[in-house]
Structure formats: structure tokens, C-alpha cells
Number of protein chains: 2
Amino acid sequence: MGDKRIPQIPLPTLKRLPVYYQYLTRQARKGVTDISCASIAKAMGLVAVQVRKDLQLTGAVGRPKTGYRLKELLEALERTLGYDNKTEMFLVGVGSLGKALLHYRRFGDYNIGIAAAFDVSEDVIGTEIDGKPVLPFRKFPSLCRRLHVKFGIICVPAEAAQEVANIMVSSGIEAIWNFAPITLELPDMVIVHNENLTASLSILLKKYKTQHTGSERE
Amino acid sequence: MGDKRIPQIPLPTLKRLPVYYQYLTRQARKGVTDISCASIAKAMGLVAVQVRKDLQLTGAVGRPKTGYRLKELLEALERTLGYDNKTEMFLVGVGSLGKALLHYRRFGDYNIGIAAAFDVSEDVIGTEIDGKPVLPFRKFPSLCRRLHVKFGIICVPAEAAQEVANIMVSSGIEAIWNFAPITLELPDMVIVHNENLTASLSILLKKYKTQHTGSERE
DNA sequence: TCCTAATCGATAAATATTTATCGATATAAA
DNA sequence: TTTATATCGATAAATATTTATCGATTAGGA
């Protein structure tokens, strides 16, 4: 079911790589030039072997006794994660969450930008948020095709999400970052990545209760 | 490293349970009364055995031929995920993301509420967002103790996150939902759940590139 | 009433991921 | 120059997770 193509990088590793990258960027800014798996692991609450195995998948090579050259390691991560090419996205749904994402500056660090936002509400159409124009959603298909945008962000309510996704895909979008708490039904070709904040908060809640009310009573 | 307590529910399952819950709630609203693993799996892009195994961990019991009684299943999930008790949270950092979370209505569906927000900026202190007061951060410790709030949300910039987390913990917070892109160093007792939006977007990017530029050239 | 088909629950197999171990090697100190 | 040691890379072991299989059971139709 869904995409059966074998990923070159296991998903658990892929989830950790960007976090390593963030940490390593900060270390580089502090002036660190060489770094070992052990120190990375310590900072991130992991074990060294795991970090080593993850980093091996980026093609980076370290050296005995001193570890990795930080600069080389960052470059390897950038190549692996695709930060070395500019990526433009279109966002749909300029509610409070959509606005928050439009304000987010950090995406730029990874060569990712939101080119424009779309909505159906007259209240926001015509405004600009952090320099990005908010356009009427009916213009999405033509603009998407014209600018060859392949990435979409869905920030509309759950009820509207499937329809927005359908229009996105028929307009040429090939990868969707979905903040609506529903499972989108789309062709297997389309990459969907769900960001389900409520579900995520729910995990925190359960982890807490597991630890504090002991094991399930039975 | 970190918490070594064995979780009763495997993390991958725990991540899926709230998503089942969301889907099942919608089905219930549509008037569905009985539901099978096969149909749930189909809707969510999973396989039936996996859904069955996940649901078994909630204690719900299904019946041959008809599947689960939806009402019973929802109750089992609510018990398992802790939605059956009210949870109050404090949020720190009322930037655009913090505001977006304060506006989020869906947390209420799970009996989770943000009781108040805190910031150091005079621009927001004293305002109300969706009925929740924004208070000066210096009042956090006393209020936190007084109201016995155990859950904190961190929406401040990365540079300030560790300090905010420290103050949270010393004020009695026991579980933190962290939106800052850094790994917090805190006592093992404290549950931390990271919501790293940039890292997450990065995963989408990589999945896309993996599928479209084929396998790593080598 | 009897038969068929759909479904669960349990067990087992397969696969994926994490963790341990160990030899080789380069750096830095003696 | 020699030696001690931190580290990597590779391989192997352990663990966790997903997927397959199969018997038992129940609803619904013949």
C-alpha cells in the first residue's frame, strides 16, 4: 500500500539527519572545526554508534582520533538532504498557522522559501506577510504551472484539505506538507508528509501519563 | 541514554493511535457504528494486521465478521491516550507560532487546554489571545506552582529555549512540548517532545528528491 | 437450519533498526 | 622515535517492528 520504493536512507535515520545538521551548524558558528560521533551523540542524547552509522549514509568520512572535519560533514549533509538547491513552495490557508509559517525565517537557512500564499478569504487576499503576497486561491493552478512550483503546504481546515490537495496535484504539485489532521488520498506519485500537531501533543501526554501513573493497571 | 523505562506501547504504535482516533471520530460523526481493521487500514494507507495489532494494545475487543463497535473503540482510545482527564498547559513565547497555537481550537477536543501564555515583550504582555491572557514571563514560576501546571510549551527562539526550559523545570513543569530547534538538556524525569518544523520539512524535501532524482548516483 | 464469507486474535516469520564489539589507524604526548 | 589512546569503519549480535498465516467465530443469506 502506498509507495513501495525502497528508500536509500532508512526513515529513522532521515529524521535524525536534519537535527544533526542543526546542531552541527551551531557548533560551526561557535568555531568548532573537528567533531566526533561521541560528542554529537552526547549533545543529542543518543549513542555514538548510532550517530556514526547515520553519518556514514551521508558519505562523510571521519578520521581516527579526531573524528570528522565539521566543514566536510556539513557539506555532506547538505548534499544528502538537498539543501544545495533552492526549493520554492506555495502555501494554502492563511489562518494563524499559515501566517506563522509565512513568518518563519529559518526555512531560508535550508534554501527553502515560500514563494506565495493563497486563501479564499477577502480579509487576507491582497495583503503581504513577511514580504510574501497572499493571492486568491483560484489563481493557484495557473501560477503553479507557470512557476513550476512542486511543493505545497496545506494549512486549511480538515474539511477543505482533500479538495485543496486535489487541486494542488492537478496543478503540478508533487510533494505536500499537510497540517490538516486527515489522511489525504492522493496518487502514489505524490509525496505527502503529515504534520499533525494535535496527534503530536497527544504523544507527549501519553508519555507523561505512562511515566507518572505507572504501567496500565490490570 | 535518557529514559530507559520500557514503554508499554511501542513508540511507532503510539504515534499512530491519535491518528486512528481522529479518523474514527470523523467516522462516528458520519453515523458509522461498527468498523473493521481493514477499512481503517484502507483509509489510512496501512495494512489491516498492523491496525489490528495497534488496537489490541488499547484493550478494545472486536468481533468476527463485524469488527469493532466504534463507540467502544473510541472509549478505549480515550482511556489509552489520556483524553479522559483535563490537561492544562502553559505556553512561553508569543511570537507568530505561539499565537498560532493559542488560536488552535482542536486541542480542546482532547481535553487539553492552554491556560495562559508568557512572554518578555511588552508588546504582547497584557493582551489576550483567544481568551488566554499573555503574562510577563517572570510570573511563570509562581503561577505554575500555584496552579500545579505540569505541561509547558516552548515557542521561543533557539537561543532562549534552554533557559526557559530550565526555569520551567524548576517551577514544576514535568513535560515539555518544544518547538525550538535544539536538543534540550534536562533531567531524565522530564518528558520532552520535540516539534522541529524545519527538520520535518527537510524530510519532505529529501523524500521528494529520493523519488525524483532516483537513487544516489554512485 | 446450514453454509459461506468476513473478521478477529494469536502465533510465527520476515524485516528493519539499534547496539555491541573489535581491528586498524592517525594524532599527540613521552 | 616510540607509545598510548581516541576514534572510525566494518561486521556481528540483539532487539524491535512489521507482515504473514491460520484457526475460531459470528452474521447474514441460501
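We name chains A, B, ... by the order of the sequence lines, and we start the count at 1 in each one. Source: prediction; values computed, not measured. Only heavy atoms go into these numbers, but all of them, side chains included; no hydrogens, no water, no symmetry mates.
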Worksheet item: Please give, in whole Å, the distance from D:dT7 C1' to A:Tyr68 OH?
Response: 9 Å

Worksheet item: In whole angstrom, what separates A:Gln8's CD from C:dA16's P?
Response: 13 Å

Worksheet item: Can you tell which of D:dT26, C:dT21, D:dT18 lies closest to the side chain of B:Pro12?
Response: D:dT18

Item to complete: Please tell me which of the listed nucleotides, C:dA26, C:dG9, C:dT7, lies nearest to the side chain of B:Val61?
Response: C:dG9

Discussion item. Students often mix this up, so state it plainly: with edges at 30° and 60°, are the rings of B:His212 and B:Tyr208 parallel, tilted or perpendicular?
Written reply: parallel

Practice prompt. Among D:dC8, D:dT18, C:dC8, find the nucleotide with the atom closest to the side chain of B:Cys37.
Written response: C:dC8

Worksheet item: Should B:Arg52 be listed as having a side-chain N or O under 4.0 Å from OP1 or OP2 of C:dG9?
Response: no

Item to complete: Check whether any side-chain nitrogen or oxygen of B:Arg16 sits under 4.0 Å from OP1 or OP2 of D:dT18, and answer yes or no.
Response: yes

Practice prompt. Round to the nearest Å and state the distance from A:Ile9 atom CD1 to C:dA16 atom P.
Written response: 16 Å

Fill in: Spacing of B:Leu11 atom CG relative to D:dT18 atom C1', expressed in whole Å
15 Å

Worksheet entry | d(NZ, B:Lys53; P, C:dT11) in whole Å | 11 Å

Fill in: Pairing of A:Glu75 and A:Arg79 as salt bridge, 4.0 angstrom limit
no

Worksheet item: Taking atom P of C:dT7 as reference, at what distance in whole Å does atom CG of B:Asp34 sit?
Response: 11 Å

Worksheet item: Would you say the side-chain atoms of B:Asn111 pair up with the backbone N or O of B:Tyr83, donor to acceptor, closer than 3.5 Å?
Response: yes

Worksheet item: Can you check whether B:Ile203's main-chain N or O pairs, donor with acceptor, with A:Lys15's side chain at less than 3.5 Å?
Response: no

Worksheet item: Roughly, in whole Å, what's the span from CG in A:Leu14 to P in C:dT18?
Response: 12 Å

Discussion item. Taking 4.0 Å as the cut-off, does a side-chain nitrogen or oxygen of A:Arg63 come that near to OP1 or OP2 on D:dT7?
Written reply: no

Practice prompt. Could you state the atom-to-atom distance from CG of A:Leu57 to C1' of C:dT18 in whole Å?
Written response: 13 Å

Worksheet item: In terms of the nearest nucleotide of DNA chain C, which residue is placed more toward the 5' end: A:Thr66 or A:Thr13?
Response: A:Thr13

Discussion item. I'd like to know if B:Lys65 reaches the base of D:dT25 with its side chain such that a donor and an acceptor end up less than 3.5 angstrom apart.
Written reply: no

Item to complete: Using modelled atom types only, decide if a donor and an acceptor are shared between the side chain of A:Asp34 and the backbone of A:Thr66 within a distance under 3.5 Å.
Response: no

